[in-house]
Every structure is written in structure tokens, then in C-alpha cells.
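The structure appears right after this line, and notes come after that.
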Amino acid sequence: MRTIAHLSDLHFGKSDDRVAEAVLADLAVRRPSLVVISGDLVQRARRSHFHAAREFLARLPAPWLAVAGNHDIPAYNLLARFTAPFHNYRHYITPDLNPFMNDGEIAVLGINTARPLIINFAHGRINRDQIGRIEATFRTIPSTVFKILVTHHPFLTPPEVSGKSLLGRARLALPALESCGVDLLLAGHFHRGFHGDLADLHPRVERSILIAHAATTTSTRLRNEPNSYNFITIAPPGVSIEERAWTGNGFITVEHSHYTRSRHGWLRV
Ligand SMILES: [Fe+2]
Ligand SMILES: [Fe+2]
């Protein structure tokens, strides 16, 4: 069994210090096996913002794995944006933009979808090399290992959020996700929590793949939802997703969903 605390959209520089302290206190009690942060660690890619994010990461009570989001590259400093977009992220957070870990029970791959040369700064993209990397990484890992892919931009726009996917070339990547046996997709960006089965929600997908989007864990930029994170328990053939939300006084579980893997794919039980 493994437990993952899935945090997202921390937005240090525009975050709530009380909430950040409460998350650390909650994680210290719940002791996840791994913390995943699905992008937008900072608000403006400034050194002071990244410094605060690094201090937060240093206090996590578990190993962590992070990917960058669109806010982690400079928006207004165009020289930095176009010449060294990930300079501060690499320096303060991690030099590895596509991190990977495999402990024999779970294999987790992060893929960087943030792009400096995109017309709409908020959107993201996945490229052919990254799709190849996903396939090459997961194809060789046995199906007994639970395979998790982390991106900032989701492959699927949640039904309640109108509009197309914000992830360029997502359609190109979907067959690869199916063929190499990805079990779970983790993402953020919308600042709204969501989970479900990609096969139920996307007409092009046949393989049952769980998806979980985390809302913003510590940002003050809320989208009609409280700050929260997902606490995911992986105990094959079951997976549970708990939404731990900020009440103004601490974090509590506001939703707890269970899925089990059957011959027909993921079943919500
Ligand atoms: Fe965000
Ligand atoms: Fe974002």
C-alpha cells in the first residue's frame, strides 16, 4: 500500500500562510508515502516566491515530486521568459523538469507541460519527445506496479468547466497513455477538485484510466472552492481519493471516494 498527498497550485507569493502551516501540520499527522505537487508552485516566478516554496518543500514530512506550471515561468520579464524560462524553478525547486520515481509498488513520472512560447500564457503543451518518454518509461514496468503520470495541465477539461483542453497535443498523447498502461493521471491548474474515469469522459479513450485534479492547496485565488488537497491511497485492486479541505481552522475530509479495478476497468464502489 502507498499513500500520496496530491497538492497543487501552491502559488507562493499569493498564498495564505495559515493554510500553508495547516497543510504541513495535517501532513505531519497523516504521513503520506509521497507528496506530489502538480505545478504552479509560485505566483510570479520571482526568486522570493520560489524561496518561500522551497522552504515549504523542505518541511514536508515525506519525499516529494513536483512538476512546473504556467506560473512557474516569468510572465512579464520577457527576456527571462524567452531565454531562461525555468532558471528559477530549476535553481530553487529541482533541476529535473520531468522527474521519475519507482519504488516497486508505484511508479510516478512527472512531465513538464508549461511552455514559454505559447500565445496564451496559461495554456500548456506536451511534445512528441515527452510522449515517447512516457511510453518508454512505463512500457518496461510490470503491470503489478501502479503507474501514475503527473502534469500541471490536465488531459481533460472537467465537465463543469466549459471549453477545450488547455493541453496542446493531448489527443496525440492519449493512445500512448493507453498502450503503456497508465493507471492514474494527476493534474491541477483549474483550482477545482475533480476525479473520474478518463474512458467515461473522453470519446477517444478506451482504457479505463483514473484521473484526479487537485484544487489549489494554498493560494488565495479560489474558484468557488476552499483550499484542499487529495489524499490518495493505493492498495490494489483498490484506490481511494480523499479530499482534505480547509475549514478556516484546519483540514478535514469532505469527500472520500473508492474505486476498484475490475475486468471492465475502474468501478466506483
Ligand atoms: Fe494555478
Ligand atoms: Fe496553472
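FYI, the numbering just counts along the sequence from 1. In each ligand, atom 1 is the first atom listed, and ligand 1 is the first ligand listed.
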Is it the case that the ring center of H189 lies less than 6.0 angstrom away from the ring center of H191? no

Below 2.8 Å, which protein N, O or S atoms neighbour the Fe ion (ligand 1), ignoring water? D9 OD2, H11 NE2, D40 OD2, H191 NE2

Mind checking whether the Fe ion (ligand 2) has an N, O or S of H152 under 2.8 Å? yes

Are F56 and F12, when compared by the centres of their aromatic rings, separated by less than 6.0 Å? yes

Side chain of S262, backbone of G265: donor and acceptor closer than 3.5 Å? yes

Is a side-chain N or O of R207 found less than 3.5 angstrom from the main chain of G181, in a donor-acceptor match? yes

Just say parallel, tilted or perpendicular for the rings of F194 and H213, cut-offs at 30° and 60°. tilted

Which heavy atom of G13 sits nearest to which heavy atom of Q43, and what is that distance? C-CB, 4.2 Å

